[in-house]
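Here the structure is laid out as structure tokens; the discussion comes afterwards.
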There are 2 protein chains.
Amino acid sequence: MTALPLEDAGVAPEPRGEATRQRILDAAVRLFSEHGINGVSLRTITAEAGANSAAANYHFGSKKGLLEAVFERHASGIAAEREALLADCHDAPGRPPLLEQIIAAFLEPGMRGAHGGATFVRLRGRMLAESSDQTRELYALHFNDSSSRFLEALGQALPDLPAHDLHWRFHMLLGSMVYTLANPGRIQILTGQACDPSDPDAALGYLVPMLAQMFRGEPIPRSAATSTGMYAIHQTNR
Amino acid sequence: MTALPLEDAGVAPEPRGEATRQRILDAAVRLFSEHGINGVSLRTITAEAGANSAAANYHFGSKKGLLEAVFERHASGIAAEREALLADCHDAPGRPPLLEQIIAAFLEPGMRGAHGGATFVRLRGRMLAESSDQTRELYALHFNDSSSRFLEALGQALPDLPAHDLHWRFHMLLGSMVYTLANPGRIQILTGQACDPSDPDAALGYLVPMLAQMFRGEPIPRSAATSTGMYAIHQTNR
DNA sequence: AGAATATTCAATCAAGCGTTTGATTGAGTC
DNA sequence: GACTCAATCAAACGCTTGATTGAATATTCT
């Protein structure tokens, strides 16, 4: 038989070091999300990836560089898909209401399987919580644009909602999303497995309509919101 | 003058090492909440507390023990105050609606100045995010009881709300609360300082009425919530 | 007073960290 | 076949980590 070149068909030429690079990235996103960024060592990551302990530094310069690469890889995909879905949102018979579409377009790319899915959401939750300057910058760099765009779209879908309410409700949307996957297992304990936030479909199935309903709710009177006395009922100590 | 004993009046006898102990606890809750548990060393903590580097191990046995002591100190106060406020909730003219009272009773002790306040909330957010086995146990140990009690009270205040909705909305309440203080600064960036979640009064002033409105909202139809097709609008890839 | 106890301290430990090094590999180029 | 060069490797670097020690010091009890 002649020595025919394997896999010569138009597939990726694939530079040599790329495989290791990818294995390290895969191991990193998983281990970072499981144990936190300070909670896992480069040695653990490279060992998990079946690479030499110097490989991470060789390919990414430093642990910080590795984190940036991990974040970049998934975040850019999420942001891009969000924007694509948002561009596709429109009112039409047979489709859900526009508001639900927008909310789903924001939540789904980050919570479903692609782009690291639940694993990467957990990492994002961790990074928000650890919230060093570096992580804040990464977050701002990759998500500020798309978040602003969604805020704008939500505002257009709800023209009568004051900006103050819009911002706070978006804040609660973010909180619900992050808490849902950053912290799987908490509510199951409280409720005896009644609802399962770690199942993306179940979570989205509840969060999207519930959040839409929340956004549609009456504006909160500013007077009540700013007066500390009205709902800050209990002033027991200090 | 006779050498009269200072402060002999029935005040605390105060064992000798207590002062150092307290300074270490204070420094620990602050530094843990600022840099994460893995992000700060015992040396940093004891230095900040003006104590010898062995003091933390002497007083708390280990870093883990120190974290437990920190958590215990603030969490028990929060849980106790929550329950006291809950016991005081009742319908009466001149008071806010019962639902608002209950939500405020749950949120206020953890978010206001006492019991470590915002600092400790940030630490709780971090611990939830880092979510090792130890932190999960601590959390469950100190908060499960009071959380269950509130879930029950909310259920009684909303007898027509299905349990499924109740649980998910409580989950969103927790998410909003944790995200609000675990992550100060994120929404300000997006909204140009329009709303300030790091101000506990402003945050409570919005969250309490908004969450009450959310709890009062119509139940989400189970069929919609479970069908992946209805609100999971976008199924682009994978 | 003196004995007993509780706390502080400087010094030290082994282990683990992120990173760097210099040699080695092996596929492409001339 | 000599050369290049990105990639890998074992080994070590300097440093920080949580923890421990034993002597020194302060406090309390008798």
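Order of the sequence lines fixes the chain letters, A, B, ..., with proteins taken first and strands second; residue numbering starts at 1 for each chain. These values consider heavy atoms only, across backbone and side chains, with no hydrogens, waters or symmetry-generated copies.
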Measure across B:Arg82 and B:Ala105 and return the closest heavy-atom pair with its distance rounded to 0.1 Å.
-> CG-O, 3.5 Å

What pairs with A:Arg23 under salt bridge (charged side-chain N to carboxylate O under 4.0 Å, His left out), at least two apart in sequence or on another chain?
-> none

Between CZ of A:Phe60 and P of C:dT19 the distance, given in whole Å, is 13 Å

Atom pairs under 3.5 Å: protein N/O with N/O of nucleotides 22-24 of chain D:
none

Protein-nucleotide distance (B:Asn57, atom CG; C:dA14, atom P), rounded to Å = 17 Å

Flag side-chain contact, heavy atom, 4.5 Å: B:His74 against B:Thr119 | no

Would you please classify the geometry between the B:Tyr139 ring and the B:Phe71 ring as parallel, tilted or perpendicular, with 30° and 60° separating the classes?
-> tilted

Rounded (10°) bend between the five-pair end axes of the helix from C:dA1-D:dT30 to C:dC30-D:dG1 = 0°

Taken to the nearest whole Å, OH/A:Tyr58 to P/C:dA23 is 17 Å

How long is the gap from CG on A:Leu66 to CG on A:Leu42, to the nearest 0.5 Å?
-> 6.5 Å

Which of the following nucleotides, C:dA6, C:dT20, D:dT8, is nearest to the side chain of A:Thr20?
-> D:dT8

In chain order, what residues pass the salt bridge (charged side-chain N to carboxylate O under 4.0 Å, His left out) check against B:Arg43, with sequence neighbours excluded?
-> none

Side-chain N,O (A:His59) to OP1/OP2 (D:dT8) below 4.0 Å | yes

Taking all heavy atoms of B:Ala153 and all of B:Ile102, pick out the closest pair and write down the distance.
-> O-CD1, 3.8 Å

Which whole-number value in Å describes the distance from B:Leu42 CG to D:dT20 P?
-> 11 Å

Would a 4.5 Å heavy-atom cut-off, applied to side chains only, mark B:Leu67 and B:Met127 as touching?
-> yes

Rounded to whole angstroms, how far apart are CG on A:Leu66 and P on C:dC17?
-> 15 Å

Between B:Asn38 (CG) and C:dC17 (C1'), how many Å, whole number?
-> 12 Å

How far apart are the closest heavy atoms of B:Phe120 and B:Val70, and which atoms are they?
-> CE1-O, 4.4 Å

Under the side-chain hydrogen bond (donor to acceptor under 3.5 Å, both in side chains) test, residues paired with B:Glu48 that sit two or more places apart = B:Arg30

Let me know which of B:Phe143, B:Phe215, B:Phe106 forms a ring pair (Phe, Tyr, Trp, His ring centres under 6.0 Å) with B:Phe150.
-> B:Phe106

Tabulated below should be each protein N or O lying under 3.5 Å from an N or O of nucleotides 11-16 of chain D; please produce it.
unit_1 : atom_1 : unit_2  : atom_2 : d
D:dA12 : N6     : A:Arg43 : NH2    : 3.2

Give the rounded distance in Å between these two atoms: CD1 of A:Ile45 and C1' of C:dC17.
-> 12 Å

Atom CG of B:Leu67 and atom C1' of D:dA19: how far apart are they, to the nearest Å?
-> 17 Å

